[in-house]
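Heavy atoms only: backbone and side chains are in, while hydrogens, waters and symmetry mates are out. From a predicted model like this one, the values you see are computed outputs, not experimental measurements.
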Amino acid sequence: MKTFEYDILSFPMTRKTGLADMQASLNAKGAEGWEVVSISSSEFANVGHTVFLKRETTAGCTV
């Protein structure tokens, strides 16, 4: 049976280079085998973007 592990990243809207930083972070995570499964955005109180990622774990691996 396949198993997965999950990670959550937050990107505040107040950063001037936010999109470039977000792209670099997601590319780095992708190189580690992570896949974006959902993005939540909120302009309320400059919360920004929350990104949910997952990757398949190896057999017998515990997190």
- prompt: Any salt bridge between E35 and R55, counting N to O under 4.0 Å?
  reply: no
message: Counting neighbours of CD on E56 that are heavy atoms of other residues, nucleotides or ligands and sit closer than 6.0 Å, is the number greater than 12?
response: yes
- prompt: Which heavy atom of K29 sits nearest a heavy atom of L53, and at what distance?
  reply: CB-CD2, 4.1 Å
- prompt: NE2/H49 to OG/S40 distance, rounded to the nearest 0.5 angstrom?
  reply: 9.5 Å
task: Grab the two heavy atoms, one from Y6 and one from W34, that are nearest each other, plus how far apart they are.
output: C-CZ3, 3.6 Å
- prompt: What are the two closest heavy atoms between D21 and F11, and how far apart are they?
  reply: O-CE2, 4.3 Å
- line: Smallest heavy-atom separation, T57 atom then F4 atom, equals CG2-C, 3.8 Å
